[in-house]
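To start, the structure itself, in structure tokens.
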Amino acid sequence: MQDGRNVVAGDAVRGGIDEEREVLRHSTAHVLAQAVTDLWPGARFAIGPPIEDGFYYDFELPDGERFSDDDLPRIEARMREIIAEDQPFVREEHSIEEALAIFAAQPYKREIIEGVGRQAGLDEAAGDHDGSAIVSTYRNSDSFVDLCRGPHVASTGRLGHFRLLRVAGAYWRGDEHRQQLQRIYGTAFESSDALEAHLQRLAEAERRDHRRLGAELDLFSFPSEIGSGLPVFHPKGGLVVKLMEDASRARHEAAGYDFVNTPHITKSELFEISGHLDWFAEGMFPPMELDEGHRYYLKPMNCPFHILIYRSSQRSYRELPLRLFEFGTVYRYEKSGVVHGLTRVRGMTQDDAHIFCTRTQMAAELHDILGFVLDMLRDYGLDDFYVELSTRPERKAVGTDEEWEEATEALRQSALGRGLELRLDEGGGAFYGPKISVQARDAIGRTWQVSTVQLDFQLPQRFGLEYVGADNSRRRPVMIHRALFGTVERFLAILIEHYAGALPTWLAPLQVAVLPVRDVHETYALEVASRMRSEGLRVEMDPATEPLGARIRRHKLAKVPYIAVVGDEDVAGGTLGLNRRGADKPERGVLVDDVVSAVRTEVASHGSPGASITGRP
RNA sequence: GCCGGUGUGGCGCAGUCGGUAGCGCAGACGACUUGUAAUCGUCAGGUCGUGGGUUCGAUUCCCACCGCCGGCUCCA
């Protein structure tokens, strides 16, 4: 798989209310700029657009001064004064020359104005403009005017339900070689209720943060002695990973994949042939010098290894499609500032497969892969998807037009054939082939890029892959890269956030905790636990060394699906008291067998503790 | 990599305007024997991220590096 990870995408749904919000957010951004220029005379301001959940504005303070988070309350206070003054947003129009004069002290604004002027010149040359370039400004006081296309609210008094959130660095025009500005992020809504609701959503996302839950649930950690972006999985996290991998292997076996294994390091030669050293070198760890100057690299991708397995013998069309699967651990040198929890790491394990097939098999294979992907994602409670189709990049691309057309069409048909919403990512493909990526929405509506399926025209050619066709001629196979989890690490992070740490029963490290009320019940508790264990449940007995309430609390915090309590009544009746995760009240007098069958049912269906076992309230 | 912030016992935090540190949880031990979200007590645990520098003296000030957090860039 070329790449299985990506950043969180926002929800892109837009409606009428969003247009209103854009206007008020944009207007609030103007007020922010005004407040900053009031507090730091001479501050330069760059751009301040509305964004998904709010707005930002980029600044450069005079004399190299910098904002810190502590400045936000002051700025907010000044913004509230401006809002209280109810200043009108007055639109004015100016020629390019006038505008350049107005913004004489604002180099970023001048650059934008000059850009508008240049574009107008081009349009004129193209004949679709009269050449009289005009820019608009919005003035809301004698001292503050901003270059802006608009529209804006009528006056600052219409604003007010906003919050400044953080200060961050940002490059001018997004170019890392240019001036780095400081960006202030904020959010704004039409009512305090809507603002509060949004702040609640932010708090909810924070509550679900896998880095925090991972530590609380004792799943994994990032020892600094090992290095940035290099996680270790603790016994509980390791168990969850094992369960995921077991389930994945079972599915792959059923779907006709072959299992392979490849090393973590290789001589440079392999990545010279594959081309990775030409176009991926900066994403790779530097080489180790061994054996008289041979350079060995940690692998950033598995594909070249799988290709060598393909090439290890002469292939017949009868062997195709050949599907080679591996949990392949790869290492990538991510820049220090981008490492993030389990979603952006430097060492990761991909559920990676490479499928070699004929061109005529390609469409059917893609169709099957997509079905395979969706089935697997549904195993993990992800059932709301859309698919992004990334097409040929404009600049460089290998492969013929016909190949691109055929492959892109095959990808499109595979998505449509599954009834999936398709979004086009024009020119977003890799130079070596188009791809589709499956985006899944989680429990709180965020979308994550998970699986990717990618056609590759380059590697079969570079490695000279062939198979012998029915007519005894040598042909080049088509190669499909695909990862379903993407990476195990990242997928686990998504699951933790999706389930807010309350993993479904089949993935829960501990499924049942058995708690004797007093130590005299311990023998019976052990019997219950051992009975459950013999039925394949993951169960532990927690002895009565502390009060029952304390033990219950500990297991509730650990999000254990079932907490069984056994006391006098249960010893007498061969039952237990059951505290199901998510239920407000415990059930008494439950039969052990009923718990066993409930857990087994949930494991089979990949569910979580559901309705009452006994049917009683 | 860049900008800003941050780093105090396993975890969450306090503190020292420069005179080598405290709390809660967790841990160990003891008592308590508990019917559904924290029983009580005792004890132990930190060269205050690392390395330099300033100083009579640095955890506190300065510099560099490392880690982490928020962004930018990147994410083939």
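Note that the structure is predicted; figures quoted are calculated from it, not measured. Letters A, B, ... are given to chains in the order of the sequence lines, protein chains preceding strands, and every chain is numbered from 1.
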With sequence neighbours excluded, residues passing salt bridge (Lys or Arg N to Asp or Glu O under 4.0 Å) with A:D542: A:R554
A:E176: salt bridge (Lys or Arg N to Asp or Glu O under 4.0 Å) partners, not counting sequence neighbours: A:K335
Whole-angstrom distance between B:A58 and B:G18, as gauged at atom P: 13 Å
With A:Q106 via side chain to side chain contact (heavy atoms under 4.5 Å, CB included) - residues at least two apart: A:R44, A:F45, A:F103, A:K109
Residues forming a side chain to side chain contact (heavy atoms under 4.5 Å, CB included) with A:A205, sequence neighbours excluded: A:I444, A:R446
Contacts of type salt bridge (Lys or Arg N to Asp or Glu O under 4.0 Å), residue A:D401, not counting sequence neighbours: A:R392
Qualifying residues under ring-ring contact (aromatic ring centres under 6.0 Å, His included), relative to A:F305, sequence neighbours excluded: none
Between B:G24 and B:G41 - P atom distance, rounded Å: 10 Å
Spacing of A:N302 atom CG relative to B:A76 atom P, expressed in whole Å: 16 Å
Between P of B:G4 and CD of A:Q182, the distance in whole Å: 7 Å
Rounded interatomic separation in angstrom, taking CD from A:E225 and C1' from B:G7: 14 Å
Salt bridge present between A:D53 and A:R201 (N-O < 4.0 angstrom): no
Axial cation check for A:W279 ring with A:R462, 6.0 Å and 45° limits: no
Atom pair distance, as rounded to whole Å: CE in A:M348 and C1' in B:C75: 10 Å
Side chain to side chain contact (heavy atoms under 4.5 Å, CB included) partners for A:P231, two or more places apart: A:F222, A:F233, A:L342, A:V345, A:E489
Sequence-aligned protein contact record of nucleotides 34-46 of chain B, with B where the base is within under 4.0 Å of a protein heavy atom and S where only the sugar-phosphate is: BBBBBB-------
Distance between C1' atoms of B:G22 and B:U59 (Å, rounded): 13 Å
Distance, C1' atom - from B:A76 to B:C3, rounded to whole angstrom: 27 Å
Distance, C1' atom - from B:G71 to B:C65, rounded to whole angstrom: 22 Å
Lys/Arg cation over aromatic A:Y171: A:R178, 6.0 Å, 45° cone: no
Secondary structure string for RNA chain B (Watson-Crick or G-U under 3.5 angstrom, | for other-strand pairs): (((((((..((((.....[..)))).(((((.......))))).....(((((..]....))))))))))))....
Sugar-phosphate, base or nothing in reach of A:Y333, heavy atoms under 4.0 Å: sugar-phosphate
Distance, P atom - from B:C11 to B:G46, rounded to whole angstrom: 14 Å
Partners meeting salt bridge (Lys or Arg N to Asp or Glu O under 4.0 Å) with A:E272 (sequence neighbours left out): none
C1' gap between B:U16 and B:C25, integer Å: 24 Å
Rounded interatomic separation in angstrom, taking CZ from A:F59 and P from B:G4: 17 Å
Nearest-Å distance for atom pair CZ/C1', residues A:F67 and B:C3: 12 Å
Partners passing side chain to side chain contact (heavy atoms under 4.5 Å, CB included) against A:A188 (at least two apart in sequence or in another chain): A:L24, A:R25, A:T28, A:F55, A:F162
Atom P, compared across B:A14 and B:C32: separation rounded to whole Å: 39 Å
Give every pair of a protein N or O atom and an N or O atom of nucleotides 64-73 of chain B that lie under 3.5 Å apart, one pair per line with the distance.
unit_1: B:C68; atom_1: OP1; unit_2: A:S228; atom_2: OG; d: 3.2
unit_1: B:C68; atom_1: OP2; unit_2: A:S228; atom_2: OG; d: 2.9
unit_1: B:C69; atom_1: OP1; unit_2: A:R211; atom_2: NH1; d: 3.0
unit_1: B:G70; atom_1: OP1; unit_2: A:R211; atom_2: NH1; d: 3.3
unit_1: B:G70; atom_1: OP1; unit_2: A:R211; atom_2: NH2; d: 2.8
unit_1: B:G70; atom_1: OP2; unit_2: A:R211; atom_2: NH1; d: 3.1
unit_1: B:G70; atom_1: O2'; unit_2: A:R166; atom_2: NE; d: 2.8
unit_1: B:G71; atom_1: O3'; unit_2: A:Y185; atom_2: OH; d: 3.1
unit_1: B:G71; atom_1: N2; unit_2: A:Q180; atom_2: NE2; d: 3.1
unit_1: B:C72; atom_1: OP1; unit_2: A:Y185; atom_2: OH; d: 3.4
unit_1: B:C72; atom_1: O4'; unit_2: A:G169; atom_2: O; d: 2.8
unit_1: B:C72; atom_1: O2'; unit_2: A:Y171; atom_2: N; d: 2.9
unit_1: B:U73; atom_1: O2'; unit_2: A:E176; atom_2: OE2; d: 3.1

Value in whole Å for how far the P atom of B:C25 lies from CG of A:D218: 20 Å
Integer-rounded Å distance: B:C11 P and A:L213 CG: 17 Å
